[in-house]
2 protein chains.
Amino acid sequence: MPMHSPAMLQCLGCKHYQGFQQSQMAQWNRSGYFRSSGSRDVNPDLEAERQTASFSVERLTTILDGGADNTRTRRAVEAVIHSDPGFSRENQYFQSQNERYEEAVRKAVLLKEKMHQMGWTEDGPETKYCYRALGGDLAFNVHRVFKNSILALGTDEQIAKWIPLADEYHIIGTYAQTELGHGTFLRGLETTAVFDISTQEFTLNTPKISAMKWWPGDMGRSATHAVVFAQLYIKGKCYGLHAFILQIRSLRDHSPAPGVIVGDIGPKMNFEHIDNGYLMLQNINIPRENMLSRFSQVLPDGTYVKRGSDQINYLTMIVTRVQMLWNEVIPMLLKACTIAIRYSAVRRQSKLNPGDPEAKILEYQTQQQKLLPLLATAYAFHFMNAYVNEFYNKGYTEIKQGNFDSLPELHALTSGLKAIITDYCTGGAEVCLRACGGHGYSALSGLPFLYTKLPASCTYEGENTVLFLQTARFLVKCLATVHSGQPIPPSAAYLSSVDSGKCQAWTKMDFLKPDIYAEAYRHRATRLLGNAATKLQTLVQSGAEQYEAWNKCTVQLVQAAKAHCYYIVVKNFIDTVEKLRNEAEIQKIVKHLCDLFALHGIFSNTGDFLHDGYMSGDQMDMVTASYLDLLAVIRNDAVPLVDAFDFTDENLNSALGSYDGHVYQRLYEWAQKSPTNQQVSQAYASYLKPLFQSALSKL
Amino acid sequence: MPMHSPAMLQCLGCKHYQGFQQSQMAQWNRSGYFRSSGSRDVNPDLEAERQTASFSVERLTTILDGGADNTRTRRAVEAVIHSDPGFSRENQYFQSQNERYEEAVRKAVLLKEKMHQMGWTEDGPETKYCYRALGGDLAFNVHRVFKNSILALGTDEQIAKWIPLADEYHIIGTYAQTELGHGTFLRGLETTAVFDISTQEFTLNTPKISAMKWWPGDMGRSATHAVVFAQLYIKGKCYGLHAFILQIRSLRDHSPAPGVIVGDIGPKMNFEHIDNGYLMLQNINIPRENMLSRFSQVLPDGTYVKRGSDQINYLTMIVTRVQMLWNEVIPMLLKACTIAIRYSAVRRQSKLNPGDPEAKILEYQTQQQKLLPLLATAYAFHFMNAYVNEFYNKGYTEIKQGNFDSLPELHALTSGLKAIITDYCTGGAEVCLRACGGHGYSALSGLPFLYTKLPASCTYEGENTVLFLQTARFLVKCLATVHSGQPIPPSAAYLSSVDSGKCQAWTKMDFLKPDIYAEAYRHRATRLLGNAATKLQTLVQSGAEQYEAWNKCTVQLVQAAKAHCYYIVVKNFIDTVEKLRNEAEIQKIVKHLCDLFALHGIFSNTGDFLHDGYMSGDQMDMVTASYLDLLAVIRNDAVPLVDAFDFTDENLNSALGSYDGHVYQRLYEWAQKSPTNQQVSQAYASYLKPLFQSALSKL
């Protein structure tokens with residue numbers, strides 16, 4: 001081969017080419033292909049982004065963690081987990097469903113040992129960081145729900161009997177609520193539990209195929225026990241849903257208990273590590289003591305006794321929903337942003353200016369438009385945590401004192417937030433994946449994992465449309481309260497305030513004032529709710545049945561609920577910025593993010609603000625101008641802003657998102673580990689070889 | 001177990017319960033679990049939907065197929081393919097990447113035999129129906145691109161040498177264009193081909209890691225040959241990209257050719273059946289004849305000769321893009337709609353009216369709002385085919401006569417349509433998946449397959465944002481032509497028409513007039529383009545560099561290009577409805593779909609129409625009212641409208657979407673086939689058994 005001349009090198013259009021040639025090509029010539037350097041040098045394109053940060057990344061990290069102590073604890077936990085090869089996720093993308101499951105069980109057991117060894121307790125601060133460090137790739141998550149349901153619904157005796165066993169994995173439990181034919185509508189569950197006075201036993205049955213339990217995690221291949229929800233019958237009368245503990249597999253050899261048919265529901269879009277299962281019960285008899293009886297009990301003579309209020313249970317549901325958002329869902333959006341933004345700072349493609357080298361794709365306005373509003377959204381959602389916690393703690397204290405007044409509000413707030421956050425995170429993962437082009441589509445980017453996992457969160461713990469409508473129902477009630485002049489719950493208090501009916505902005509700079517955009521969101525939420533409620537009322541007044549009228553308004557009620565949630569998030573973001581008043585640099589960049597989040601929301605839903613003339617077309621042009629200006633501003637800090645999330649490379653498990661930005665080397669090296677490169681395919685010998693023989697004589 | 005009393009049965013709230021009990025429960029008692037009946041009875045909930053169809057499904061099917069002859073041919077092909085167990089897709093959702101690949105190779109070879117046997121030719125009408133019948137699950141798709149590139153770029157001698165070998169799979173080819181560091185920007189490709197006069201050979205090299213070929217299909221484990229794109233150098237001067245044929249694997253034993261490093265790029269989000277590969281070249285020498293030389297040639301003395309115009313190649317690119325839409329992408333949306341709508345007609349959940357049984361989820365306005373606009377979109381896109389074909393054929397004829405005038409328009413039109421259609425189909429699959437709740441998330445629903453496959457179409461054959469901007473660039477030029485008073489291309493001719501500036505609708509019924517909504521879309525497209533062009537001009541006039549100004553307008557240019565494409569699709573839908581004037585029943589329902597498509601687009605983008613006062617808030621309320629009314633109308637024909645797509649159960653490969661609607665039985669039966677139920681997990685013996693022993697003494 002003739003040596004490349006300098007003229008040719010220039011023609012290749014890459015300033016690093018010569019350096020590459022000297023170091024890497026030397027390796028190529030020795031070894032036949034490129035080797036990883038193994039050093040910790042950072043891609044200069046990424047390094048440059050970090051050198052111009054307008055704020056201290058470390059300081060922002062500690063703020064995001066809720067304090068330097070938390071950051072320290074988190075890093076300590078990550079160091080322990082990542083240094084143990086038993087927790088490696090290196091091969092995750094190459095594993096079958098069976099392998100993923102076995103790994104998840106192995107890691108769950110190993111983690112239990114590790115926690116004992118480290119002195120970390122299950123309700124200690126380390127647990128959630130373990131989960132973060134492991135990317136959630138653990139078995140026995142529903143086992144925890146099994147335990148929580150016993151703790152919530154069981155008597156002290158039941159707790160004393162079952163919880164110690166469950167704590168040590170001496171039994172594995174599952175939570176069998178959902179059935180093939182029933183998810184959202186719990187009252188429709190069809191599993192039956194019939195009390196027989198003569199034997200003092202409940203007999204559980206799956207009376208038809210749609211009553212088969214379907215989806216419970218840890219059930220398919222692991223669980224020995226289950227908390228099963230069934231319709232309780234005593235002397236032919238139905239008393240509604242109750243929870244029963246029963247054994248489903250032998251503790252001796254793991255075979256299904258007599259009368260139990262149990263198995264795995266097969267492949268899913270993600271969650272391959274979880275053995276979601278099915279369960280059919282055929283005349284399973286369990287003693288009277290196995291009904292969880294804190295709030296209701298069946299006496300030996302068949303008398304049904306209701307005891308105390310089980311409203312506190314709603315609180316458990318609410319906590320589960322909240323924990324899922326901040327431990328599982330929002331971090332996935334943060335990861336997707338980290339991967340896509342780092343990649344966009346090292347990927348160069350096409351030329352902005354014909355004379356220049358190829359530009360980082362992050363320089364393109366369209367790429368900024370995809371990723372930076374998402375980055376702002378990630379911050380917005382992360383900051384909601386403090387608000388929700390405060391709300392929850394206040395409610396919890398009241399409820400403990402027997403005052404359940406705040407429960408509907410807490411339920412409505414967390415329902416709506418769950419729905420809007422999972423919606424946006426799911427959409428966000430798609431944007432990030434597509435923003436990385438072809439390489440985003442490789443499993444090795446880590447983005448397909450997030451993209452396929454997130455949609456589940458829109459369904460589990462409450463289907464989003466159903467949840468939005470629950471929020472809407474609460475808001476409609478609040479509105480009626482406003483009209484009656486009664487006080488209304490704090491999160492909806494804005495419904496009673498009066499606005500000028502016109503946006504008070506005169507220049508594009510005015511749209512960087514939180515008062516201006518907060519007011520716009522408030523106005524939108526109030527208007528949409530008011531319109532939906534008026535339509536509902538009109539339909540009922542003109543003779544429609546209440547349920548029929550409600551159904552005819554649901555599209556608009558969902559819009560109203562979304563607008564409400566969006567307002568809450570914007571308002572909380574503004575409050576967060578204010579609280580950062582002692583952190584000038586950080587307050588400045590976070591304020592930019594807040595502005596971007598708010599203006600992007602207006603820019604993407606212009607009609608909502610233009611509809612009644614609250615904003616004019618001219619004002620909307622100002623919003624657009626301010627919004628596009630902000631993209632260019634935040635672009636400069638985009639990499640530091642994702643660095644502040646402080647995900648380790650092991651957390652991200654992404655060939656595109658690693659801290660050092662060596663994306664091409666990593667893609668190449670990781671591909672080598674794929675079974676498609678390690679296993680000789682039968683396809684050649686079986687199908688292709690005979691065909692190719694024919695060409696030998698002709699070429 | 002005590003027998004259920006009649007009171008209890010009622011309490012379970014299902015009218016089919018007693019029938020179920022008698023037949024299915026008897027089986028249950030005999031066999032221990034439910035067995036499939038195996039009969040062709042249809043779920044009564046689905047049957048009822050079909051009995052009230054307002055039109056002949058069969059007639060609509062033939063219209064969708066483009067004539068009864070096509071329907072007959074398609075069904076004949078499907079019958080042949082589906083009756084051969086060698087083509088079964090039964091285990092697709094349970095297979096590893098290695099298994100999927102082997103199956104795809106096996107099926108490709110088997111299909112070749114089958115086609116020989118049946119007398120079907122590759123350019124015959126049967127080929128695309130084979131692809132449909134097999135759900136695209138075949139190897140050697142890029143092999144076809146390899147052939148097409150030789151046919152387009154090769155001399156007659158080159159064609160005569162290579163094509164017969166490729167036709168019979170005596171060699172398998174791949175098309176090696178994309179590199180690790182280069183996708184969109186072809187001029188940036190870094191692979192080099194240096195001509196050596198002394199040996200009369202080209203020497204090909206991969207000079208750096210980013211120059212490694214990455215992604216080509218059929219390359220990872222199959223191909224023996226490749227068409228490789230490389231920068232041609234003669235005597236140190238670069239002549240830009242050219243295509244070269246080279247052998248990459250031995251025909252004797254399939255080992256990589258000397259100097260070739262080739263392998264599989266590993267797991268992807270979908271397309272596991274394709275062996276996307278990488279390729280590195282180290283001093284590969286190939287004879288002078290291996291440069292594809294129809295349009296440019298290197299003479300023995302190193303003289304570079306440019307011959308004729310290669311503009312006709314763009315036509316090949318355009319055809320590929322168009323074929324991909326109608327053979328691959330749009331059918332996936334049609335399938336997703338079929339699955340989700342059938343399921344929504346058999347899934348019952350919650351109660352609309354407290355006194356009624358649980359309602360079909362299709363009765364809920366929110367479910368209709370998710371699925372029915374998508375159904376209308378599916379029809380809208382399907383009907384675009386005729387328009388695009390007509391456009392293409394006209395252009396093709398002109399180009400053959402040496403008139404390339406229509407090429408820019410054809411390129412702009414197909415670019416924009418490709419981008420908007422793949423965007424909407426990708427989003428549509430997500431909506432369908434989520435609309436099916438938990439069961440949609442099971443791989444067995446078939447929806448995860450569509451959801452994970454479609455995003456790739458937004459990237460391959462042109463990244464969508466890049467394509468929208470190409471359409472925008474064309475439109476900006478058209479607008480300049482309008483201002484200069486010159487004639488402009490037909491698809492953009494509307495830019496020169498004048499409107500009243502105000503929507504002329506006075507009642508909600510007015511919005512069912514195609515003139516009204518077509519005009520609204522026209523107005524929007526014209527306004528958005530005008531605004532973007534004005535901004536561009538203003539920036540340039542105020543001193544910005546052209547490229548910098550362009551970048552600052554790209555968010556708005558993309559909006560304008562989308563609005564243009566949307567207008568084209570709406571206009572074509574209207575024209576299609578008009579052409580159905582001899583099919584009264586069908587015209588009526590298709591008109592409803594057209595209205596729904598158009599009004600949903602306005603309802604979802606209200607700001608675009610309100611911004612300059614073209615519509616008022618009151619008019620938008622009329623749009624909303626008409627739009628919601630239409631949902632209720634189309635809901636009644638929703639199942640017949642998806643039946644008309646005429647997908648076989650084998651096409652759909654979905655436990656939720658089958659024609660008979662027995663979703664729960666199918667989920668259960670298919671789950672039994674999962675490897676998670678057939679393979680004993682090591683997890684129990686290794687990790688759980690020792691733990692469970694401890695519980696034995698305590699329970």
Side-chain angles (χ1 to χ4, degrees), chain A residues 1 5 7 11 20 33-34 93 102 105 109 165 169-171 180 184-185 203 208-210 236 238 251 254 261 263-267 269 283 349-350 352-353 365-366 369 437-438 443 448 459 465 547 551 554-555 606-607 610-612 617 664 671 674 676-677 683-684 687 691-692 694-696, chain B residues 1 5 7 11 20 33-34 93 102 105 109 165 169-171 180 184-185 203 208-210 236 238 251 254 261 263-267 269 283 349-350 352-353 365-366 369 437-438 443 448 459 465 547 551 554-555 606-607 610-612 617 664 671 674 676-677 683-684 687 691-692 694-696:
Chain A
M1 175 203 174
S5 72
C11 183
F20 178 90
Y33 64 88
F34 305 120
Y93 302 133
E102 290 192 11
V105 170
V109 173
L165 291 167
Y169 291 164
H170 292 163
I171 63 173
L180 250 179
T184 294
F185 187 64
T203 305
K208 54 192 294 206
I209 191 167
S210 57
C238 180
L251 287 163
H254 216 223
I261 296 172
D264 187 279
I265 66 165
M269 192 158 74
N283 295 334
Q349 199 73 178
S350 303
L352 266 171
N353 183 4
Q365 191 188 49
T366 47
Q369 140 93 349
T459 303
T465 303
Y547 71 91
N551 191 28
T554 45
V555 165
T606 55
L610 292 164
H611 187 281
D612 63 345
Y664 300 141
S674 169
T676 51
N677 283 319
Y684 165 67
Y687 312 113
L691 293 165
F692 295 164
S694 314
L696 278 173
Chain B
M1 178 204 177
S5 71
C11 183
F20 177 91
Y33 65 86
F34 304 121
Y93 302 132
E102 291 193 11
V105 171
V109 173
L165 290 167
Y169 292 165
H170 292 162
I171 63 173
L180 250 181
T184 294
F185 187 64
T203 303
K208 54 192 295 205
I209 192 166
S210 58
C238 181
L251 288 162
H254 217 221
I261 295 172
D264 188 279
I265 66 166
M269 191 157 74
N283 295 336
Q349 200 74 180
S350 303
L352 265 171
N353 183 1
Q365 191 188 49
T366 46
Q369 139 93 347
T459 304
T465 302
Y547 71 90
N551 190 29
T554 46
V555 165
T606 55
L610 292 164
H611 187 281
D612 63 347
Y664 300 140
S674 169
T676 51
N677 283 320
Y684 166 67
Y687 312 113
L691 293 165
F692 295 164
S694 314
L696 277 173

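Below, each value reflects all heavy atoms present in this structure, side chains not excepted, and no hydrogens, waters or symmetry copies. Keep in mind that what you see is a predicted model, and the values were worked out from it rather than measured. Order of the sequence lines fixes the chain letters, A, B, ..., with proteins taken first and strands second; residue numbering starts at 1 for each chain.
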Which pair of heavy atoms, one from B:Ala695 and one from A:His170, lies closest together, and at what distance? CB-O, 3.2 Å
Minimum-distance pair of heavy atoms, taken over all atoms of B:Gly437 and A:Thr459: C-CG2, 3.7 Å
Portion of B:Thr606 that has a non-hydrogen atom of chain A nearer than 4.5 angstrom: both
Partners passing side-chain contact (heavy atoms from CB on, under 4.5 Å) against B:Thr184 (at least two apart in sequence or in another chain): A:Gln349, A:Ser350, B:Glu463, B:Val466
What part of B:Leu165 is in contact with chain A, defined as an atom under 4.5 angstrom from a non-hydrogen atom: side chain, backbone, both or neither? side chain
Just by modelled atom types, is the B:Asp264 backbone N or O under 3.5 Å from a matching donor or acceptor in the A:Asn677 side chain? yes
I need the minimum non-hydrogen distance between B:Tyr684 and A:Leu251, along with the two atoms involved. OH-O, 4.4 Å
Taking only residues two or more places apart in sequence, or in another chain, which ones meet B:Thr554 in a side-chain contact (heavy atoms from CB on, under 4.5 Å)? A:Gln365, A:Thr366, B:Leu469, B:Trp550, B:Asn551
To the nearest 0.5 Å, what is the distance between OH on A:Tyr664 and CG on B:Leu180? 7.0 Å
Taking side chain as everything from C-beta outward and backbone as N, CA, C, O, which of these in A:Asn353 sits under 4.5 Å from a heavy atom of chain B? Side chain, backbone, both or neither. both
In terms of heavy-atom pairs under 4.5 Å with chain A, the winner among B:Tyr547, B:Tyr93, B:Tyr687 is B:Tyr547
Heavy-atom distances under 4.5 Å only: say whether B:Val109 touches chain A with side chain, backbone, both or neither. side chain
Report which part of B:Tyr169 has an atom under 4.5 Å of a heavy atom belonging to chain A: side chain, backbone, both, or neither. both
Which pair of non-hydrogen atoms, one from A:Gly266 and one from B:Ser674, has the smallest distance, and what is that distance? CA-OG, 3.5 Å
Relative to the ring of A:Phe692, is the ring of B:His254 parallel (under 30°), tilted (30 to 60°) or perpendicular (over 60°)? tilted
